[in-house]
Amino acid sequence: MTNPTRIEVNCTTGEETVIELTAEEIAEIEAAQAIFAAQEKEREAQEAADALAKAALLERLGITEEEAKLLLK
Amino acid sequence: MANTYELISSFTVSSPSYSVTLSSIPQTFTDLKLVFSTRSDYGSAGGSEVEIGYNSVTSGYTSTMIYSNNGSSVASASSSNPFFTWGGGMVNGSSTSNVFGNSEIYFPNYTTSIQKSASTDSVTENNGTPNFMQIVAHHNSNTAAITSITLYAWQSFINFVAGSTFYLYGIKNS
């Protein structure tokens with residue numbers, strides 16, 4: 001199976017080159033993707049927690065989300 | 001409008017590829033503007049991130065993003081990744097056919113020996129949800145002039161599909 005490819009465009013000469021990624025480049029990119037994936041997971045967990053907290057607060061206040069938006073206008 | 005707003009390079013993807021590097025960028029302008037429309041072959045609807053890096057720098061990227069992905073609420077996120085940062089949104093392969101994500105990134109003072117900042121605004125297209133709008137502020141602590149910019153299709157080596165376009169403009173006030 002061939003590796004993913006990258007394209008290099010020389011802005012001075014206009015030359016376009018298709019290059020197969022090396023194993024080292026793949027490993028580097030995978031490491032970066034893992035970092036982003038972990039940050040994304042954290043963000044999603046925070047969003048879920050915020051949604052739960054918001055729902056609980058609205059229930060405690062006895063108002064709907066639309067009513068809450070009205071208050072904030 | 002700037003006195004000089006010149007197309008440096010334009011490229012259209014003809015075969016799917018994971019990344020596109022614009023290299024040997026002339027150092028004769030003040031600012032750069034990168035405009036790109038991209039679609040991936042990722043098998044889901046909605047959008048994915050285009051990641052961006054400069055000069056093969058592999059440290060010091062931070063970014064803050066304000067985004068909306070459901071048309072009714074706004075959220076924010078921040079990232080610090082050694083290899084690249086958020087560049088903009090691209091449309092995934094299972095979204096509405098023949099639509100692309102559209103992004104612009106502005107690089108001020110790209111030839112100077114100061115830490116680099118940039119800003120992105122981006123939207124994806126899809127006749128449905130999810131969809132994304134983003135504004136991103138970027139920073140990299142590297143002080144070298146920007147001579148190359150690389151854009152990566154995120155998520156485990158998905159590819160930019162044919163028809164994805166990249167336009168790099170040079171801007172100066174003379």
Side-chain angles (χ1 to χ4, degrees), chain A residues 1-58 61 63-73, chain B residues 7-28 32 34 48-49 51 53 56 58-59 61 63 65 67 69 72-73 75-86 147-160 164 166-170:
Chain A
M1 193 169 109
T2 57
N3 287 340
T5 58
R6 60 184 177 89
I7 298 170
E8 184 163 324
V9 181
N10 187 308
C11 294
T12 301
T13 65
E15 185 182 356
E16 298 170 5
T17 311
V18 179
I19 303 160
E20 193 173 315
L21 293 178
T22 64
E24 290 74 22
E25 286 172 322
I26 290 172
E28 195 172 270
I29 291 165
E30 284 176 340
Q33 289 171 340
I35 292 171
F36 262 138
Q39 291 175 342
E40 181 74 3
K41 213 168 172 180
E42 201 177 305
R43 186 186 58 75
E44 284 171 357
Q46 184 62 54
E47 271 186 16
D50 288 347
L52 281 174
K54 185 167 129 180
L57 178 59
L58 288 172
L61 292 172
I63 60 174
T64 65
E65 184 157 353
E66 288 67 34
E67 287 167 336
K69 283 179 186 171
L70 260 177
L71 285 172
L72 295 169
K73 273 192 175 174
Chain B
L7 179 66
I8 296 171
S9 179
S10 68
F11 175 70
T12 301
V13 175
S14 57
S15 294
S17 185
Y18 173 66
S19 72
V20 172
T21 297
L22 304 172
S23 65
S24 300
I25 296 172
Q27 301 293 293
T28 52
L32 294 173
L34 177 61
S48 296
E49 278 299 317
E51 313 300 350
S56 304
T58 55
S59 65
Y61 293 105
S63 55
M65 174 163 64
Y67 69 97
N69 70 346
S72 64
S73 61
S76 64
S78 61
S79 169
S80 56
N81 188 306
F83 300 106
F84 41 54
T85 185
W86 293 313
T147 57
S148 71
I149 298 169
T150 299
L151 298 103
Y152 305 86
W154 191 36
Q155 296 211 356
S156 298
F157 301 105
I158 60 177
N159 298 297
F160 296 120
S164 297
F166 304 84
Y167 299 93
L168 182 66
Y169 295 91

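Chain naming here is simple, since letters A, B, ... match the order of the sequence lines and numbering starts at 1 in each.
- A/Thr12 places a side-chain N or O within 3.5 Å of a backbone atom of B/Ser24 that can act as its donor or acceptor partner.
- Between the OH atom of B/Tyr18 and the OG1 atom of A/Thr5 there is a distance of 11.5 Å, given to the nearest 0.5 Å.
- Within the 4.5 angstrom heavy-atom criterion, no atom of B/Thr147 approaches chain A.
- In this structure, A/Ile7 CD1 and B/Thr150 OG1 are separated by 11.5 Å, a value rounded to the nearest 0.5 Å.
- Rounding to the nearest 0.5 Å places OG1 of B/Thr21 at 11.5 Å from CG of A/Asn10.
- The greatest number of non-hydrogen atom pairs below 4.5 Å with chain B, out of A/Glu28, A/Glu15, A/Glu30, is found for A/Glu28.
- Heavy atoms of other residues, nucleotides or ligands lying less than 6.0 angstrom from CD of A/Glu42 number 12 at most.
- When heavy atoms are compared at a cutoff of 4.5 Å, A/Ile26 approaches chain B by way of both its backbone and its side chain.
- With no hydrogens or angles considered, a side-chain donor-acceptor pair links B/Ser23 and A/Glu8 at under 3.5 Å.
- Between A/Cys11 atom SG and B/Ile8 atom CD1 the span is 6.5 Å, to the nearest 0.5 Å.
- With rounding to the nearest 0.5 angstrom, the CD atom of A/Glu20 is 11.0 Å from the OG atom of B/Ser17.
- Here A/Arg6 contributes atom CZ and B/Phe160 contributes atom CZ; the two are 13.5 Å apart, rounded to the nearest 0.5 Å.
- Counting only heavy atoms from C-beta outward, the side chains of A/Leu21 and B/Phe157 approach each other to under 4.5 Å.
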